[in-house]
Participant: 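Take a look at this one; I'll ask things after.
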Amino acid sequence: MAPQGGEVAPRRELALIVNGRPAVARIEPRELLLDFLRNRLGLTGAKRSCDVQVCGACTVLVDDRPVSACCFLAYEARGRQVTTIEGLAEAGHLHPLQEAFIEHGAIQCGFCTPGMILTALTLLREVPTPSPDQVRTYLKGSLCRCTGYWKIIDAVVDAGRRMARAEAARR
Amino acid sequence: MLRPFEIHEPTSIAEASRLLADHGEDAAVYAGGTELILVMKEGLAHFRHLVDIKTIPGLETIAYDGAVLRLGALATHRAIERSAVVGRHAPLLASVASQVANPRVRNVGTLGGNLCFAEPHSDLGTLCVAWDAVIVLARDGEERSVPADRFFTGVLETVREPDEVLVRVELRPFGPGTGGAYQRFAMHERPTAGVAAVVATRGGVIQHGRIAIGSVGPMPVRASEAEAMLAGAPLRDEALREAAKAVGRHAEVMDDLYGSAAYKRHVLTVLAARALREAVACAREEDA
Ligand SMILES: Cc1cc2nc3c(=O)[nH]c(=O)nc-3n(C[C@H](O)[C@H](O)[C@H](O)COP(=O)(O)OP(=O)(O)OC[C@H]3O[C@@H](n4cnc5c(N)ncnc54)[C@H](O)[C@@H]3O)c2cc1C
Ligand code: FES
Ligand code: FES
């Protein structure tokens, strides 16, 4: 990226963990986390859409909390754990939330899906079996132009139940 | 795209304040960045020096000393929402924090950033004004306390000097017979209108009521006509209703994309009535 108008800012080293793997790069402070993930690491699951923190398409988790990568400096992720949708499946098995989204038809164009799933994941960690209303409230800042939301809400509620059952079975 | 800038990592308020003084208009305090990065990205403002106050230890602390609840400037909306101390001593604040924006903004955005940005469509400023919160600003070695209703001076403007850092907000939990409430109406992420009320009662009489309105004008302000009507009024629904009408009637409101002035006056009246009733109900519980 060529700096504009001859302005330059010193680069600094950024070391972080992305989807469980260490990543290191020399970046300018102005580099956004979304561009870092998409352009440098090729992780294109997080999308740029509204670019102003209202739609949630760019959602990734930083230390397990959702952030809008479109307005979040990569610098902020130094020394932290970043999770993108690419990091959810384990050993070739989709995460129960991903499965539920597919089974419920909660995906149409898919542009909102990575953000929806990562956001829903943080809800399920706090409220393992949320009511449809709790899902609706929590996902208010995640926009979908296609599905009309019902199937997304159903999928999250269902995934919560499945994960709770699986957890109970493990104990 | 963002234009280039440098990030400074001070480890004390004094150092941050010196950096701000040295770089003048070219510097900005950088907390969560949810507003700052946004306006810089949109090209509405540019600073070549961001002073990251997150490298200063202790600025996120939330503590209660038996009289005053102190909220560090870097407490995020989420931290406030989830804090056991806030939940015990100021549950109203926790509930308002939980309604801000969306989980992503709540997770990164801070109380200090919300107040210093002074975006008119905000919830916390309105609550702080009704609650008689004290906003503490600091620079190299000195602190000053500003009552919340004198902190905001206009759209995106406050009394903060460029080299001052907001370090904390101080609130007194409600005593017996006092209750508070916040009512907001939001169609978009940010509120269209908000009303905060704190009502102190004794023996069936309203001792005083503090009402603040926000999001409808350049900054959150007290509804002084309505407050005057409440002082000494009997604790009856009629008194609350009349005060609520006065809130709408006397409010200075702006037309904007969120709605016309007439519409906002109506919404304010409805919200004020709800907030006053809820505050009184909460005062009764505190009394019981
Ligand atoms: C999509 C969206 C929706 C929102 N919805 C709501 C809502 O419903 N209700 C609501 O109340 N708010 C809302 N907000 C505002 C939100 O609360 C703020 O964005 C957030 O709290 C700002 O904190 P920050 O730490 O990110 O500030 P920053 O972006 O870091 O800073 C904001 C400004 O304050 C200055 N500053 C920050 N901290 C300090 C300090 N300690 N001392 C001196 N100056 C400082 C910065 O220089 C900058 O000018 C919304 C914001 C967004 C982006
Ligand atoms: S692209 Fe970041 S929130 Fe919409
Ligand atoms: S599936 Fe297309 S935006 Fe949600």
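Letters A, B, ... mirror the listed sequences (proteins, then strands); counts begin at 1. Hydrogens, waters and symmetry mates play no part in the numbers below; they use all other heavy atoms, side chains included.
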Participant: Using a cut-off of under 4.5 Å for heavy-atom pairs, which of Pro10(A), Pro29(A), Ser142(A) has the most such pairs with chain B?
Facilitator: Pro29(A)

Participant: Heavy-atom count check: over 12 atoms from other residues, nucleotides or ligands less than 6.0 Å from Arg145(A) CZ?
Facilitator: no

Participant: Is chain A contacted by the side chain of Arg190(B), its backbone, both, or neither, given a heavy-atom distance below 4.5 Å?
Facilitator: neither

Participant: For the CD atom on Glu90(A), are there more than 12 heavy atoms of other groups (residues, nucleotides or ligands in this structure) within a distance under 6.0 Å?
Facilitator: no

Participant: Taking atom CZ of Arg162(A) as the centre, report whether more than 12 heavy atoms of other residues, nucleotides or ligands fall under 6.0 Å from it.
Facilitator: yes

Participant: Are there more than 12 heavy atoms of other residues, nucleotides or ligands under 6.0 Å from atom NZ of Lys151(A)?
Facilitator: no

Participant: Would one find more than 12 heavy atoms of other residues, nucleotides or ligands at under 6.0 Å from atom NZ of Lys140(A)?
Facilitator: no

Participant: Using heavy atoms and a sub-4.5 Å threshold, report which of residues 106-115 of chain B line up against chain A, by residue number.
Facilitator: Asn107(B), Val108(B)

Participant: I'd like to check the salt bridge (Lys or Arg N to Asp or Glu O under 4.0 Å) partners of Asp63(A); sequence neighbours left out, ordered by chain and number.
Facilitator: Arg80(A)

Participant: Please classify the contact between Gln99(B) and chain A as side chain, backbone, both or neither, with a heavy-atom cut-off of under 4.5 Å.
Facilitator: neither

Participant: What's the separation between atom CG in Leu50(B) and atom CG in Leu73(A), rounded to the nearest 0.5 Å?
Facilitator: 7.5 Å

Participant: Please check this pair: side chain of Asp52(B) against backbone of Glu76(A), looking for a donor-acceptor N/O pair closer than 3.5 Å.
Facilitator: no

Participant: Give me the atom names and distance for the closest heavy-atom approach of Leu38(B) to Asp51(A).
Facilitator: CD1-O, 4.1 Å

Participant: Working to the nearest 0.5 Å, report the span between CZ of Arg30(A) and CD of Glu6(B).
Facilitator: 13.0 Å

Participant: Going through the checks in order, is the side-chain contact (heavy atoms from CB on, under 4.5 Å) test met by Glu42(B) and Val52(A)?
Facilitator: CA-CA 9 Å; Glu42(B) 304 281 302; Val52(A) 292; 3.4 Å; yes

Participant: Quick check: are there more than 12 heavy atoms from other residues, nucleotides or ligands sitting under 6.0 Å from CD of Glu25(B)?
Facilitator: no

Participant: Can any side-chain N or O of Arg104(B) pair as donor or acceptor with the backbone N or O of Gln53(A) at less than 3.5 Å?
Facilitator: yes

Participant: Distance from Cys70(A) atom SG to Ile37(B) atom CD1, nearest 0.5 Å?
Facilitator: 11.0 Å

Participant: Would you mind checking which part of Leu32(A) comes under 4.5 Å of any heavy atom in chain B, side chain (CB onward), backbone (N, CA, C, O), both or neither?
Facilitator: side chain

Participant: For the candidates His188(B), Glu189(B), Arg78(B), which exhibits the highest count of non-hydrogen atom pairs separated by less than 4.5 Å from chain A?
Facilitator: Arg78(B)

